[in-house]
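In this chain, numbering begins with 1 at the start of the sequence shown. Keep in mind that this is a model prediction, so the values were computed, not measured.
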Amino acid sequence: MVEIPVFVSSGMEGLEDERGQARSIIAGIPGLVPILFEDLGAKPRGPREAYLQHVRNSKIVVGIIGEAYSPKVEEELQEALLTRKDLLLF
């Protein structure tokens, strides 16, 4: 079976529960693999380049947007648009 990486956008203060639920739902769908930045452990590059690389390597990007979101989230979503990823925003 082909695995499809799904990046869940990072840095959304106060939405940790929603991100955890997204991880569980994605993991429960055969063939989908959730990618959350905090699950990746040590990074050989700086965090900015690491999360942008994971956006580039994903097929789908999920953004869970609350009342406000960080510049990092905006950068991730811009990268998803620039690299023509399927983008789901909630």
**OP:** Indicate yes or no for a side-chain donor-acceptor contact from K59 to the backbone of D86 under 3.5 Å, with no hydrogens or angles considered.
**Re:**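 Judged by distance alone, no pair lies under 3.5 Å.
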Original post:
Is there a donor-acceptor pair closer than 3.5 Å between any side-chain N or O of R23 and the backbone N or O of E18?
Top reply: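 Looks like no, no N/O pair under 3.5 Å.
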Subject >> side chain to side chain contact (heavy atoms under 4.5 Å, CB included), paired with V8, selected from L36, I60, V61, L88 >> reply: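 Output: one option passes, namely L36.
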Original post:
Looking just at side-chain N and O atoms, do Q21 and D17 make a donor-acceptor pair shorter than 3.5 Å?
Top reply: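 No, no side-chain donor-acceptor pair sits under 3.5 Å.
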Subject >> Evaluation steps, side chain to side chain contact (heavy atoms under 4.5 Å, CB included), between V6 and I29 >> reply: CA-CA 11 Å; V6 180; I29 300 172; over 6 Å; no
Original post:
Is E75 paired with R48 through a side-chain N to carboxylate O contact shorter than 4.0 Å?
Top reply: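 A salt bridge is present here (some side-chain N lies under 4.0 Å from a carboxylate O).
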Original post:
Do R56 and E76 meet the salt-bridge criterion of a basic N to acidic O distance under 4.0 Å?
Top reply: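 Not counted as a salt bridge, because no side-chain N and carboxylate O are separated by less than 4.0 Å.
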Looking at [atom1] of [X] and [atom2] of [Y], how far apart are the two atoms once the value is rounded to the nearest 0.5 Å?
| X | Y | atom1 | atom2 | value |
| --- | --- | --- | --- | --- |
| S9 | E79 | OG | CD | 12.0 Å |
| L77 | L82 | CG | CG | 11.0 Å |
| R19 | S24 | CZ | OG | 12.5 Å |
| I26 | F7 | CD1 | CZ | 11.0 Å |

Side-chain heavy atoms nearer than 4.5 Å, only ILVMFWY residues, links allowed to pass through others: does that put [X] and [Y] together?
| X | Y | value |
| --- | --- | --- |
| I35 | L87 | yes |
| Y51 | V33 | no |
| I4 | I25 | yes |

Original post:
Shortest non-hydrogen contact from G28 to P30?
Top reply: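 Nearest heavy atoms, G28 then P30: O-CD, 3.5 Å.
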**OP:** Of all the heavy-atom pairs spanning E3 and P5, show the shortest one and how long it is.
**Re:**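 Nearest heavy atoms, E3 then P5: O-CD, 3.5 Å.
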